[in-house]
There are 4 protein chains.
Amino acid sequence: MPIQKVTKNEIIAKALNVFSNKGYHNTSMSDLAAEVGLLKGSFYHYFISKEELMVQILESIDYELKSNVYPLAFHKQYPASKRMKLFLKGLSKVVIHKNGGCILGNTILETANLYPSFRHLLTTIMDGIVQSFANIYLELYSQEQSQILAQQTLMELEGAIMFSKLYSNPSIFQDFQKRMIQRVETDS
Amino acid sequence: MPIQKVTKNEIIAKALNVFSNKGYHNTSMSDLAAEVGLLKGSFYHYFISKEELMVQILESIDYELKSNVYPLAFHKQYPASKRMKLFLKGLSKVVIHKNGGCILGNTILETANLYPSFRHLLTTIMDGIVQSFANIYLELYSQEQSQILAQQTLMELEGAIMFSKLYSNPSIFQDFQKRMIQRVETDS
Amino acid sequence: MPIQKVTKNEIIAKALNVFSNKGYHNTSMSDLAAEVGLLKGSFYHYFISKEELMVQILESIDYELKSNVYPLAFHKQYPASKRMKLFLKGLSKVVIHKNGGCILGNTILETANLYPSFRHLLTTIMDGIVQSFANIYLELYSQEQSQILAQQTLMELEGAIMFSKLYSNPSIFQDFQKRMIQRVETDS
Amino acid sequence: MPIQKVTKNEIIAKALNVFSNKGYHNTSMSDLAAEVGLLKGSFYHYFISKEELMVQILESIDYELKSNVYPLAFHKQYPASKRMKLFLKGLSKVVIHKNGGCILGNTILETANLYPSFRHLLTTIMDGIVQSFANIYLELYSQEQSQILAQQTLMELEGAIMFSKLYSNPSIFQDFQKRMIQRVETDS
DNA sequence: TATGAATGAGCGTTCATTCAT
DNA sequence: GATGAATGAACGCTCATTCAT
């Protein structure tokens, strides 16, 4: 076998970081290649285009969430507050990158109108997150209320990350998390 | 005397629209010039750079909000719900563009880490909006609670616009507005 | 007015030469720019793409032939042999370039199946040349025979240029010309 | 022992087809590898370069013509017209590919000035074809006249193929064939 | 003020080729 | 013999910007 400097997954992980920090259009293939330690041209052995790379990043996020994060919201034995805490932690790990904000929010605002291939994946992921939140709320609220609360939660989450980024102040997002956990605490 | 084809304000208004729809990095000076009806070279008589143009756009937004929108939230005779309604309407007019979302949110996510000149203006504007919301909430809540609610409101607003854009569904943002108005309704 | 290093027509003339010598695909925009004394990027002020440049080259050939060459074949007072001689000379001047062969033949073989925009122009030009030959033959042959002979003549012309190029021997094409002139000589 | 996925001859046959359709410069090694079912890297076990591949294609054409096609023109018992018919048929089979035209004409126009290694082979082949035509004409014409007619025939053949390609009309080439056969028919 | 030619760097992508495995 | 990762140069083209006119 030939020398393998990197794996596809390593590229996806590193590219995700660069995109998070610089945005889709402001990230060049050179930036990505440099981050990975390849030449620009070599990048195309792994991904046929910049667009396809982003698609695969989003797919890997979708997979990661389905495998490891959504289940946290559906855990049978934990109370809502614990599930909320674990879910937010897991979600943050996959989707939020220091200083760069949330890859989902970033990508939605920058590209949703331009790349249908992105939009479809992004809606799938956002739907999945909302349903997970909704399941947590179901412990305390009606079906309908849970749905609404879940959507609001994700909206506020994206807003909170935006604020954190603008003010370079991570505690804004941490406060948001605490608020969400408290909301589902039943201190009987 | 030479012909003046456009005014600086006209350029700012049109450029704001283009940036809202295409994003900062994905908008070229050619795009802007074409929209305004100037040639690329002529553009530089009005704005020395793309960055400076965006700065002036943000400044004009700041000015517009201070002049015409924040006062709506401080109106002495109107009840909170009416002020909320008027304020949201005024804010949307200045800051939200059809399909393109909110220029503030877009610009924060795309550029806050890259252009300090943008960041300062954006914080000023976001602070102003939060304080306006807070003033509305003050009719019903404590100082501290109003502050928190105001920040949450703006977060959720940005999230709601993001959702509207992703799902191409303006009613998500309209529902958000209704929710905010109801929150401060005191139907005694 | 800004400094003008070159005119569009100069570019067309020089690009025609380069394309004739190197072929369409083997000619890079850098090659063309260098020939003209511009940077690659500057080229795009004159032609929006390589394809469009070739289109305009073909259009200028069509125009040149219509203006100055076809009329030679329709000259009322000259005998067929003189018209043939003048027409071949005029045609060669526009369409054949030393060592590079015939831009029409080259472009047909290399691109006719790839660029519909080229094909349409090429057929127009080839039709015009055939009709001119046919008009010369009409002095001695029937309508129908003239048509056939005209087409054969252009075929042989392209073949003769191909041979000249392959053997680096211009006299092959010159012999062809003599043969064509003799064919319409009426030595009464 | 390692698997041999293809033979050199198979590659040559398939590459000939691709080059015929797309031209030399517009055909990439990836195109060729894909057509053959090999990966790009594997290709270089068979041919050290794109140029060398084309050389071997031309050599194989030369060989094929010498083995199976030229003899048709020298057949002792057949009359000129039958030899012409068989020879044209045999020649077409080796050298002409549907839609793509004649590999010889294509390659001459595109590369004769660029690759001396091609030029030598191409002249050898063209000479061989001319001599075969000449031999057919010898039945009816003088040595000298046969030579001239033979060269003219090949020129017109290449021109006829060019026209067929430009107008996407194979009957132009078929008409040419009929004309050549009739020319040597002696209907006594 | 407006023009548009020119720049030089950079874009995303493809090229022919190499070579350790 | 076959692989496919890697190269480095080049591709066609666009970028933000400059400036003589």
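Naming convention: chains lettered A, B, ... in sequence-line order (proteins, then strands); numbering from 1 in each chain. The structure displayed is predicted, hence computed values, not measured ones.
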### Query
Do Met54(B) and Thr27(B) touch side chain to side chain, with heavy atoms closer than 4.5 Å?
no
### Query
For dG12(E), what is the paired nucleotide under Watson-Crick or G-U wobble rules, both distances under 3.5 Å?
dC11(F)
### Task
Go ahead and name the base partner of dT3(E); Watson-Crick or wobble counts if both distances stay under 3.5 Å, otherwise write none.
dA20(F)
### base_contact_polar (dG12(F) base, Lys40(C) side chain, donor-acceptor, <3.5 Å)
yes
### Query
Side chains of Thr124(D) and His120(D): does their closest heavy-atom pair fall under 4.5 Å?
yes
### Message
Can you see whether Phe19(D) has Lys50(D) sitting over its ring - NZ or CZ less than 6.0 Å from the centre and within 45° of the normal?
### Response
no
### Query
So, is Ser42(A) near the phosphate of dA5(F), with a side-chain N or O under 4.0 Å from OP1 or OP2?
no
### Task
Under 4.0 Å between any heavy atoms, over every strand shown, what does Thr7(C) touch: base, sugar-phosphate, or nothing? Just pick one.
nothing
### Message
Need to verify one output field. Residue with the more 5' nearest nucleotide on DNA chain E, Thr27(A) or Thr27(D)?
### Response
Thr27(A)
### Task
Measure from the side-chain heavy atoms of His45(B) and tell me the nearest of dA6(E), dT3(E), dT7(F).
dT3(E)
### Query
Atom CD1 of Ile48(D) to atom C1' of dT18(E): distance rounded to whole Å?
13 Å
### Task
Identify which nucleotide among dT1(E), dA5(E), dG8(F) has an atom closest to any side-chain atom of Tyr46(C), counting heavy atoms from C-beta outward.
dA5(E)
### Query
Ser30(B) side chain: which of dT13(E), dC11(F), dC15(F) is closest?
dC15(F)
### Task
Would you mind reporting whether Phe47(B) and Val55(B) have side-chain heavy atoms less than 4.5 Å apart?
no
#### Entry: Met54(D) CE to dT17(E) P, straight-line distance once rounded to whole Å
13 Å
### Query
How long is the line joining NZ of Lys50(C) and C1' of dT14(E), in whole Å?
13 Å
### Message
If I take atom CZ in residue Phe47(B) and atom P in nucleotide dT18(F), what distance separates them, rounded to the nearest angstrom?
### Response
16 Å
### Task
Give me the ring orientation class for Phe118(B) and Tyr24(B): parallel if the planes are under 30° apart, tilted from 30 to 60°, perpendicular past 60°.
perpendicular
### Message
Please determine whether side-chain hydrogen bond (donor to acceptor under 3.5 Å, both in side chains) holds for the pair Thr111(D) and Arg119(D), giving the CA-CA distance in whole Å, both sets of side-chain angles, and the decisive distance to 0.1 Å.
### Response
CA-CA 8 Å; Thr111(D) 70; Arg119(D) 184 196 293 260; over 6 Å; no
### Of the listed nucleotides dG8(F), dA6(F), dG4(E), the one nearest the side chain of Leu39(B)
dG4(E)
### Query
Does Ser28(A) put a side-chain nitrogen or oxygen below 4.0 Å from OP1 or OP2 of dG10(E)?
no
### Query
Taking for each residue the nucleotide of DNA chain F with the nearest heavy atom, is it Phe43(D) or Tyr24(B) whose nucleotide lies nearer the 5' end?
Phe43(D)
#### Entry: Residue closer to the 5' end of DNA chain E, Ser49(A) versus Gly37(C) (nearest nucleotide)
Gly37(C)
### Glu52(D) CD - dA16(E) C1' separation (whole Å)
15 Å
#### Entry: Nearest-nucleotide comparison on DNA chain F, the residue closer to the 5′ end among Glu51(B) and Asn26(C)
Asn26(C)
### Query
In terms of side-chain heavy atoms of Tyr44(A), which of dT14(E), dG12(F), dA2(E) is nearest?
dT14(E)
### Query
For the pair made of CD in Glu10(D) and P in dA2(F), what is the distance, rounded to whole Å?
11 Å
### Task
Could you check how far NE2 of His25(C) sits from C1' of dA16(E), rounded to whole Å?
17 Å
### Query
Could you state the CG-P distance from Leu32(B) to dA16(F), rounded to the nearest angstrom?
8 Å
